[in-house]
Amino acid sequence: MPLSPHPPLQDPQPTTQTQPQSQTPGPLLPKPEQQRPLPRTQLLGCGQRLRKRLSSVSRVVGGLVALPGAHPYIAALYWGHSFCAGSLIGPCWVLTAAHCLQDRPAAEELTVVLGQDRHNQSCEQCQTLAVRSYRLHEAFSPVSYQHDLALLRLQESADGSCALLSEYVQPVCLPSGAAPEAELQAALCQVAGWGHQFEGAEEYSSFLQEAQVPFISLERCSTPDVHGAAILPGMLCAGFLEGGTDACQGDSGGPLVCEDEAAEHRLTLRGIVSWGSGCGDRNKPGVYTDVANYLAWIQEHTTS
């Protein structure tokens, strides 16, 4: 979205937008008999990507369409005419951005769809779940977007299960801790989402988009010509300083994942799409919540 004139320290610009009123208010429900659980031997662990995918050097802004099953951890969150993305971190838990839910919609208004590749459309492999409750990080700032994360507890079915794991629905791994900056900068990482494919677009991408993005050091990202003092503890920067490749409006809450070469290329959730300045603008890389900074908070609230 175009930015109005601003002072040198720019306010964070969220990546969330409401859907056009002409769109269907919510996703169509997939039929229960269409779920295809995996054999139990394949349900162990996290961060598996069971479908072959095309590699991408493209972008979410004008990005490459992701193959079905390429991002089995991505969650689509719908309420009213609003939309955000999230990441499945366990059968009953989705991690997203706090700013998506800062207006505090009632939990019963929220719907999570897993296994979806086309925005706001039902599919054979989709699973549609209600949300039992959610929690924003207590220190989230709607001004600075620091501590921009929230947990959604999915509503279990009569048999006590939430998400049914399949080749299209798999949890992503959480990091074991903070990675050294040199290791992050060498990592192969991707962002995915249904966000607008160019700045000013009125509609979401029909298909899930993906892009490889490199990390940018906090030192560089905090320089006055990039994001300056808007970069605070608990944030990460990723993208290209020359511009052109970025997460954009509508990708809020979505995943930035990296392949862990030390763990059989398992996919680890390193960032949550938080805020940015424009879409793919020069010297304005995307800013993400640093998941490793909040492991204790996530652990506390998913086990209590």
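Numbers here are sequence positions counted from 1.
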>> Would you say that L165 contacts Q170 through its side chain, given a criterion of any heavy-atom pair below 4.5 Å between the two side chains?
In response: yes
> Where do L174 and T268 come nearest, in terms of heavy atoms and distance?
Replying inline: C-CG2, 3.9 Å
>> Testing the basics here: between L269 and P255, what is the closest heavy-atom pair and its distance to 0.1 Å?
In response: CD1-CB, 3.6 Å
> SG/C221 to CG/L241 distance, rounded to the nearest 0.5 angstrom?
Replying inline: 7.5 Å
>> Once side-chain contact (heavy atoms from CB on, under 4.5 Å) is applied, do any residues pair with A139, and if so which ones, sequence neighbours excluded?
In response: H137, H147
>> Show the nearest heavy-atom pair for residues W79 and C84, with the distance to one decimal.
In response: CZ3-N, 3.8 Å
> With C162, which residues qualify under side-chain contact (heavy atoms from CB on, under 4.5 Å), at least two apart?
Replying inline: C92, L129, R153, L154, E156
>> For W275 versus S144, what's the shortest heavy-atom pair and its separation?
In response: NE1-O, 4.2 Å
> Between I298 and L267, is there a shared hydrophobic cluster once you connect ILVMFWY residues whose side-chain heavy atoms come closer than 4.5 Å?
Replying inline: yes
> CD of Q48 to CZ of R266: how many Å apart, nearest 0.5 Å?
Replying inline: 8.5 Å
>> I need the L236 CG to R270 CZ distance, nearest 0.5 Å.
In response: 8.5 Å
> Would you call V169 and Q125 a side-chain contact if the rule is heavy atoms closer than 4.5 Å?
Replying inline: no
> Between Y168 and E124, is there a donor-acceptor pair closer than 3.5 Å when you use the side chain of the first and the backbone of the second?
Replying inline: no
>> Among residues at least two apart in sequence or on other chains, which ones pass side-chain hydrogen bond (donor to acceptor under 3.5 Å, both in side chains) with E183?
In response: none
> Listed by chain and number, what are the side-chain contact (heavy atoms from CB on, under 4.5 Å) partners of A187, not counting sequence neighbours?
Replying inline: C189, C258
> Closest approach of A70 and E210, non-hydrogen atoms and distance?
Replying inline: CB-OE1, 4.2 Å
> Quick one: does H227's side chain have a donor or acceptor within less than 3.5 Å of a partner on P285's backbone?
Replying inline: yes
> Minimum heavy-atom separation for P175 to L295, with atom names?
Replying inline: O-CD1, 3.2 Å
> Of all residues at least two apart in sequence or in a different chain, which pass the ring-ring contact (aromatic ring centres under 6.0 Å, His included) check with F215?
Replying inline: none
> Does some side-chain heavy atom of V226 sit less than 4.5 Å from a side-chain heavy atom of I216?
Replying inline: no
>> Run the side-chain hydrogen bond (donor to acceptor under 3.5 Å, both in side chains) test against S133 and tell me which residues pass, sequence neighbours left out.
In response: none
>> So, using side-chain hydrogen bond (donor to acceptor under 3.5 Å, both in side chains) as the criterion, who are the partners of S176 when residues are at least two apart?
In response: none
>> I need the E219 CD to E181 CD distance, nearest 0.5 Å.
In response: 8.0 Å
> Just by distance, do the side chain of T96 and the backbone of A85 share a donor-acceptor pair under 3.5 Å?
Replying inline: yes
> Would a distance-only check, ignoring hydrogens and angles, find a side-chain to backbone donor-acceptor pair under 3.5 Å from Q127 to L164?
Replying inline: yes
> Sequence neighbours excluded, which residues qualify as salt bridge (Lys or Arg N to Asp or Glu O under 4.0 Å) partners of E109?
Replying inline: none
>> To the nearest 0.5 Å, what is the distance between OH on Y145 and OG1 on T289?
In response: 11.0 Å
> Are side-chain heavy atoms of L136 and Y134 found at a separation under 4.5 Å?
Replying inline: yes
>> List the residues meeting salt bridge (Lys or Arg N to Asp or Glu O under 4.0 Å) with D225, not counting sequence neighbours, and say none if there are none.
In response: R220
> Of L95, I74, I89, L88, which is the lone residue that meets side-chain contact (heavy atoms from CB on, under 4.5 Å) with V172?
Replying inline: I89
> Is the backbone of P233 close enough, under 3.5 Å, to the side chain of Q146 for a donor and an acceptor to pair up by distance?
Replying inline: yes
>> Side chains of V131 and V94, heavy atoms from C-beta outward: is any pair under 4.5 Å?
In response: no
> Roughly how far apart are K284 NZ and C237 SG, rounded to 0.5 Å?
Replying inline: 10.5 Å
> How would you list, by chain and number, every residue that makes a side-chain contact (heavy atoms from CB on, under 4.5 Å) with A97, sequence neighbours excluded?
Replying inline: H99, C100, D148, I272
> Does one hydrophobic cluster hold both Y294 and V257, with members joined at side-chain heavy-atom distances below 4.5 Å?
Replying inline: yes
>> Test your reading of the model: is there a side-chain donor-acceptor pair from D290 to the backbone of A292, 3.5 Å cut-off?
In response: yes
>> Going by salt bridge (Lys or Arg N to Asp or Glu O under 4.0 Å), name the residues that satisfy it together with E138, two or more places apart in sequence or in a different chain.
In response: R135
